[in-house]
K.L.:
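Input: one structure, supplied below.
The model shown is predicted, which means the values in this text are computed figures rather than measured ones.
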Amino acid sequence: EGHFNALMGCEMTTWDRTLESAGWQLFRPPVTIYDTPIQTPCGEMPQRNAAYCAANQQLYYASDLPNQPGIEQEASNPTAMDLVMAHEFGHALQGRTGQFAAATILMQDASKEDQLLMSRRIETQADCYAGLYLASAAQSTPYTQEDFDNFLNLAEQLGSDNLTGDPDILSTHPRGEARRYWVQTGLSTTEIGKCSTYNVSDERLTN
């Protein structure tokens, strides 16, 4: 918990001035670690999960998340979960800049298929924001090339197809190929606009 809360401080250092210059005020979200399902303003947080709750602007992390089947090898790297929490901070950025609210409005009258697609766009953007942060943090954090390779492998293993074993699944979260692509995009740029997934038409990037 101490490590993740310190990570939030690093996130603030990375993002605060950028958002302030664009007219947004960033809030440092506290991190709650839990080992049994807990109730939050966003509903119950299950096991093997990490999430951002917009209702109270907090991040949640289940202590057994590294035991998620399929990610054991990647999760054994001590820095692996930094990617997960950087992704969740990406959702905090979306919440503070009104992107969550805009997406919710757009989804109100959309078809189920379009709602799922919008959800995947939100998730891939958070992946890209995570990559932006990790690349920036590497200037002062001793991440190695092995760590970065592991971040990409973990992102892919956390894809909906890999977690479910269904290569054709269309869900709220993107497939592994898309998750890897957008983390890599964030790692390889300093331009926040490159993380705009809302105008990407190639479904390979959002499925």
Side-chain angles (χ1 to χ4, degrees), residues 1-32 40-42 50-61 79 81-108 117-145 147-148 151-152 154-155 173-174 178-202 205-206:
E1 187 168 290
H3 171 76
F4 286 149
N5 277 296
L7 188 82
M8 296 303 105
C10 294
E11 289 270 13
M12 293 293 294
T13 300
T14 299
W15 290 102
D16 193 26
R17 289 186 180 180
T18 299
L19 264 68
E20 184 177 326
S21 66
W24 303 103
Q25 183 176 2
L26 191 56
F27 174 79
R28 179 173 175 169
V31 180
T32 297
T40 76
C42 295
Y52 166 69
C53 177
N56 62 2
Q57 301 185 68
Q58 290 193 32
L59 270 60
Y60 293 87
Y61 177 86
T79 68
M81 295 298 114
D82 288 3
L83 169 68
V84 172
M85 297 309 282
H87 169 94
E88 298 307 333
F89 191 93
H91 287 318
L93 291 173
Q94 293 168 327
R96 294 297 292 181
T97 56
Q99 294 178 81
F100 266 162
T104 299
I105 292 171
L106 288 173
M107 292 166 68
Q108 283 181 346
L117 183 61
M118 177 59 75
S119 179
R120 295 194 295 274
R121 291 186 188 279
I122 292 170
E123 295 297 333
T124 47
Q125 185 181 55
D127 282 338
C128 190
Y129 285 163
L132 274 171
Y133 163 74
L134 293 167
S136 176
Q139 299 176 51
S140 58
T141 302
Y143 290 135
T144 65
Q145 186 58 50
D147 292 326
F148 284 109
F151 289 143
L152 293 173
L154 177 60
H173 284 63
R179 302 206 71 169
R180 185 185 189 98
Y181 176 90
W182 284 102
V183 172
Q184 178 62 66
T185 297
L187 288 172
S188 59
T189 187
T190 58
E191 298 180 42
I192 299 174
K194 293 287 183 66
C195 290
S196 177
T197 56
Y198 302 107
N199 57 1
V200 175
S201 58
D202 185 351
L205 307 183
T206 54

K.L.:
Could you tell me the separation between the OG1 atom of Thr141 and the CG atom of Leu134, rounded to the nearest 0.5 Å?
P.N.:
9.0 Å

K.L.:
Can you list the residues that meet the disulfide (SG to SG under 2.5 Å) rule with Cys53, with sequence neighbours excluded?
P.N.:
Cys42

K.L.:
So how far is it from Leu187 CG to Cys128 SG, rounded to the nearest 0.5 Å?
P.N.:
8.5 Å

K.L.:
Does Arg121 reach the main-chain N or O of Thr197 with its side chain, forming a donor-acceptor pair under 3.5 Å?
P.N.:
yes

K.L.:
Would you say the ring centroid of His91 lies under 6.0 angstrom from that of Tyr129?
P.N.:
no

K.L.:
Can you tell me how far the CG atom of Asp82 sits from the OH atom of Tyr133, to the nearest 0.5 Å?
P.N.:
6.5 Å

K.L.:
Grab the two heavy atoms, one from Pro41 and one from Tyr60, that are nearest each other, plus how far apart they are.
P.N.:
CD-OH, 4.3 Å

K.L.:
Over all heavy atoms of both residues, which pair between Asn5 and Arg28 is shortest? Give the atoms and the distance, please.
P.N.:
O-NH2, 2.8 Å

K.L.:
Taking atom CD1 of Ile122 and atom OG1 of Thr104, what is their separation to the nearest 0.5 Å?
P.N.:
6.5 Å

K.L.:
Between Gly186 and Ala135, which heavy-atom pair has the shortest distance, and what is it?
P.N.:
O-CB, 4.4 Å

K.L.:
If I compare all heavy atoms of Gln57 with all of Pro30, which pair ends up nearest, and what's the gap?
P.N.:
O-CD, 3.7 Å

K.L.:
Is Trp182 reaching over with its side chain to a backbone N or O of Leu205, donor-acceptor style, under 3.5 angstrom?
P.N.:
yes

K.L.:
When the aromatic ring centroids of Phe4 and Tyr61 are compared, is their separation below 6.0 Å?
P.N.:
yes

K.L.:
At what distance, to the nearest 0.5 angstrom, does NE2 of His3 lie from CE of Met81?
P.N.:
10.5 Å

K.L.:
Which side chain to side chain donor-acceptor pair (under 3.5 Å) pairs, counting each pair once, include a residue from residues 14-25, with sequence neighbours left out?
P.N.:
Glu11-Trp15

K.L.:
Please test Leu93 against Tyr52 for side-chain contact (heavy atoms from CB on, under 4.5 Å), starting from the C-alpha separation and ending with a verdict.
P.N.:
CA-CA 10 Å; Leu93 291 173; Tyr52 166 69; over 6 Å; no

K.L.:
Rounded to the nearest 0.5 Å, what separates atom CE in Met118 from atom CG in Leu106?
P.N.:
4.5 Å

K.L.:
Just by distance, no angles: are the side chains of Thr32 and Gln58 close enough, under 3.5 Å, to form a donor-acceptor pair?
P.N.:
yes

K.L.:
Side-chain donor-acceptor pair under 3.5 Å between Glu191 and Thr189, yes or no?
P.N.:
no

K.L.:
Sort and list the pairs that fulfil salt bridge (charged side-chain N to carboxylate O under 4.0 Å, His left out) and have at least one residue in residues 123-140, not counting sequence neighbours.
P.N.:
Asp127-Arg179

K.L.:
Ignoring hydrogens, what is the shortest heavy-atom contact between Leu7 and Ala86? Give both atom names and the distance.
P.N.:
CD2-N, 4.5 Å

K.L.:
Taking C-beta and beyond as the side chain, do Met8 and Pro29 meet within less than 4.5 Å on heavy atoms?
P.N.:
yes

